Amino acid sequence: MNIKNVIVIGSGTMGSGIAAQLCNAGISVTLLDLKTEISERAKKKIFESKPPLLIDKNKINNIRTGNIEENFDVVKKADWIVEAVVERIDIKHNLYKKILKVRKKDSIVSSNTSTIPLKVLSAKMSEKDKKDFCITHFFNPVRYMGLLEIVSENINDIKKINFLKNFCEDSLGKGVIICKDTPGFLGNRVGVYAMQVAMTEAIKMKLSIEEADAVFGRPMGIPKTGVFGLYDLIGIDLMADVLKSFIKELPKSDVFHEVTKEISLIKNLIEAGYTGRKGKGGFYRMNKKDGKKVLETISLTTKEYSSSRKIDLNIDEKVDLKKLVSRNDKYGKYAWSVISKIILYASSLIPSVTKDYNNIDEAMRLGFNWTKGPFEMLEELGVKFFIEKDNQLKTNEFIKKLYDKKSDTFYGKRQIYTNLETLGKVKQLAKIKKENKSAITYEHKNYKIVEFNTKANTLDYDSMDALKKASDKNLIIINEGMQFSAGVNLNYIMDFAKEKNWKAIEKFIHHFQMTCKQLKYSDNLVVSAPSGLALGGGEEVCIQSDYVVAHTNIVMGLVEVLVGLIPAGGGTKELLWRWTQAPEAKKDPDFAPQKVFDIIGYGKTATSPVEALPLKFLLEKDKSIMNRNKLLSVSQDLINEKKDGYKPPKKPTFKLSGDQVRDKMFQTLENLFKEKKILEHGMEVGKKLAFVLSGGNTAIDKELSEDDMYALELEAFIQLMQMEKTQARVKHTLLTGKPLVN
Ligand code: NAI
């Protein structure tokens with residue numbers, strides 16, 4: 001069997017997301033809804049979505065649309081029919097009847113339901129139809145969330161389920177976990193419980209919303225939206241519906257019920273239209289005061305909104321759970337109370353919900369973006385510590401058994417849901433592991449791996465040290481965290497700038513340059529395998545590697561100008577070199593500098609490899625991969641394929657026209673300034689960029705070496721860093737996460 005033609009019925013949030021991902025995979029897909037106008041509107045939304053659901057917007061018309069009355073015949077030819085209509089059993093049953101009557105023999109039918117049990121959905125089906133029917137539970141947004149839960153029963157044709165699993169893994173790039181037919185499957189069962197615990201404990205312990213989100217967030221390895229922010233993101237009304245279904249489906253004895261009690265504040269918010277980010281706001285809202293936007297938070301006690309406060313927990317950015325739960329203040333107590341309950345609940349589900357505890361952890365990673373699941377948290381805390389910390393704890397069989405074994409380590413293999421040789425698995429197998437404060441180096445088979453491990457994987461001296469040292473072997477730069485790298489650590493640079501220690505900044509940037517040079521010219525292959533953000537310095541590492549194996553969900557760009565700087569780790573030079581290889585550049589020496597001036601000057605970004613190619617952030621020799629779990633094995637294969645006879649690239653030389661092309665760039669800047677598209681400092685930054693790209697004080701017949709270009713980058717970077725307005729931009733971005741226009 002083969003999946004070449006898919007019909008998605010229901011073109012709302014999920015149906016359109018699924019259709020877009022099928023389109024991304026190059027599969028023929030038709031989106032049906034009650035009326036063609038509705039599916040057409042969905043298509044428009046897909047096109048305009050931010051972050052984009054499509055990898056290549058030009059492919060939008062590969063999604064066909066229609067309605068379930070006039071166009072239902074298309075179902076006859078489908079290999080897979082995905083139902084993603086409203087969560088109403090009567091509507092779903094009617095639809096299945098219609099589908100099953102006409103579908104092709106052996107085709108697969110699945111529902112995207114998040115709350116209705118498989119046995120209820122399939123209750124009216126013949127035994128034969130039940131064989132081909134399952135739940136495929138995608139997460140929102142479909143392109144970006146890694147998890148897909150496939151729920152099947154004993155009656156299902158296991159071969160077919162495995163076939164579908166492989167298809168969704170290979171073609172749609174999902175981490176597919178096969179689940180039993182139990183309420184909320186794995187991800188939501190534990191994830192929603194965790195959210196409810198975090199919320200009810202915050203209320204009980206009289207924490208503010210900001211305080212709860214500051215603890216139940218980064219310090220626990222949970223995204224910074226925390227619990228209340230996540231509630232707003234999902235939709236407070238949708239969460240209320242999800243809870244209702246858990247109340248209905250779970251046995252009375254399940255401790256989940258302890259955290260499902262109606263909260264009056266939530267009821268009031270929904271009634272007043274405060275359903276979260278899609279409505280007027282929720283626990284957080286944006287308000288306008290004196291013409292300025294301010295973020296406000298509702299008080300859990302007075303129910304009034306006031307300006308949001310930033311909470312400083314006074315802890316390292318690295319997750320140290322033991323330290324966190326051992327704190328004697330309210331934050332430590334809250335963390336312990338929440339973490340211990342989540343661990344107890346998750347472990348109570350073994351073996352009835354799943355025999356593989358590992359799958360719960362992976363579901364939390366892929367479906368909720370946690371960096372570690374409850375069982376990894378338990379392993380990190382230690383079973384003995386966990387049990388002995390609090391004698392009030394009502395432990396369960398699973399935990400007791402571990403405790404009786406008197407061994408703190410119990411965690412076996414990771415990512416058992418997939419046969420792929422993933423980074424998670426290889427990290428466990430790697431023989432040698434070296435660590436500094438910003439990166440970990442592993443050695444496995446014939447290559448080394450460097451994984452950055454700072455917040456958003458920002459880069460500093462230590463990250464560069466790790467790369468430099470690891471380039472004595474074939475090297476793969478890859479990571480499990482969300483971002484490949486958001487760029488140079490601006491806090492690190494700013495600390496030196498505050499002390500006017502320009503020498504230290506110069507030393508760091510020079511080290512950055514020499515590291516990238518080493519990556520490029522070492523006798524070994526270097527492969528960067530980014531996913532998530534590869535911005536600024538992160539992108540500079542990528543483009544000075546021999547190959548890039550990019551996940552399809554990358555965001556790439558040299559965005560330094562947004563903080564008043566220019567790419568100085570070799571990024572400006574390397575992009576310029578790439579553009580000088582373009583046919584147009586052979587005829588016009590000013591073509592490449594102007595093109596790069598445009599790309600870096602506007603801080604252009606690509607949101608997929610397809611968009612990265614025309615900017616030359618990626619080249620044809622690089623690879624684009626749908627399944628993140630494959631990045632490592634593809635990189636490995638590339639090394640094995642290319643290693644024999646590998647020779648580092650030849651060193652480039654540049655012939656640039658100096659003030660001839662610089663004048664043209666200055667003219668562009670003048671025009672932008674006149675049109676008020678840039679302000680004074682934008683002009684300054686643009687001029688420095690122009691100076692570098694034009695080759696400085698040079699002339700077209702003079703040859704510049706790569707080192708000359710590095711020197712120009714470095715000089716411009718330091719000069720910009722010394723400017724107050726650049727420092728103001730950096731400070732603003734560090735504080736707000738947004739660029740400052742000055
Ligand atoms: P939605 O409300 O955004 O979209 C539902 C769509 O179904 C609407 O466009 C509606 O016009 C259409 N529809 C209703 N009756 C129909 C019929 N008889 N034939 C064809 N189309 C019909 O809903 P959403 O959020 O996309 O949810 C769809 C399914 O996915 C539900 O089962 C839900 O439980 C599940 N789900 C939702 C998630 C979410 O985050 N929104 C996450 C995972 C699963």
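Everything numeric in this text was worked out from a predicted model, so none of it was measured. Order of listing sets the numbers, starting from 1, for every ligand and every atom in it. Excluded from the calculations below are hydrogen atoms, water molecules and symmetry mates; all remaining heavy atoms, backbone and side chain alike, are included.
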- Task: Distance to 0.1 Å, residue and atom name: give those for the protein heavy atom nearest to atom 33 (C) of ligand 1.
- Result: E87 OE1, 3.7 Å

- Cation over ring face, K98 and F72, 6.0 Å, 45°: yes

- Item | D132 bridged to R103 by N-O distance under 4.0 Å | yes

- Heteroatom proximity flag, M14 to ligand 1, N/O under 3.5 Å: yes

- Query: Does atom 36 (N) of ligand 1 have a protein non-hydrogen atom under 4.0 Å from it?
  - Reply: yes

- Is there a donor-acceptor pair closer than 3.5 Å between any side-chain N or O of S49 and the backbone N or O of L53? yes

- Query: Out of N140, L233, L31, I91, whose heavy atom is nearest to atom 15 (N) of ligand 1?
  - Reply: I91

- Note on the structure: Of all heavy-atom pairs linking M556 and P530, the shortest is CE-CG, 4.0 Å

- Please check if any side-chain donor atom of S347 sits under 3.5 Å from a side-chain acceptor atom of N396, or the reverse. yes

- Report yes if some heavy atom in the side chain of I108 is under 4.5 Å from a heavy atom in the side chain of D79; otherwise report no. no

- Note on the structure: Looking only at protein heavy atoms, what sits closest to atom 7 (O) of ligand 1 is V85 CA, 3.5 Å

- Message: Only heavy atoms of K92, strictly under 4.0 Å: list the atoms of ligand 1 that pass.
- Response: 31 (C), 32 (O)

- ligand 1 contact by T115, heavy-atom criterion under 4.0 angstrom: no

- Query: Which residue from I68, V86, N67 reaches closest to atom 5 (C) of ligand 1 through any of its heavy atoms?
  - Reply: V86

- Nearest neighbour in protein (non-hydrogen) for atom 10 (C) of ligand 1: D33 OD1, 3.5 Å

- Provide the number and element of each atom of ligand 1 under 4.0 Å from a heavy atom of I9. 20 (C)

- Message: Would F139 count as a contact residue for ligand 1, given that I'm defining contact as a non-hydrogen atom of the residue lying under 4.0 Å from a ligand atom?
- Response: no

- Under-4.0 Å salt bridge between D170 and K630: yes

- Query: Does a side-chain heavy-atom distance below 4.5 Å link V255 with S348?
  - Reply: no

- Task: Identify whether the distance between the nearest side-chain nitrogen and carboxylate oxygen of D106 and K160 falls below 4.0 Å.
- Result: yes

- Test side-chain contact (heavy atoms from CB on, under 4.5 Å) on S28 and R64 and set out the steps. CA-CA 8 Å; S28 158; R64 283 175 297 277; 2.6 Å; yes

- Do S114 and ligand 1 have an N or O pair less than 3.5 Å apart? yes

- Can you tell me which residue and heavy atom of the protein come closest to atom 1 (P) of ligand 1, and the distance to 0.1 Å? G12 CA, 4.0 Å

- Task: Report the nearest protein non-hydrogen atom to atom 23 (O) of ligand 1: residue, atom name, distance rounded to 0.1 Å.
- Result: T13 N, 4.6 Å

- Message: Under 3.5 Å between any N/O of H137 and any N/O of ligand 1: does that happen in this structure?
- Response: no

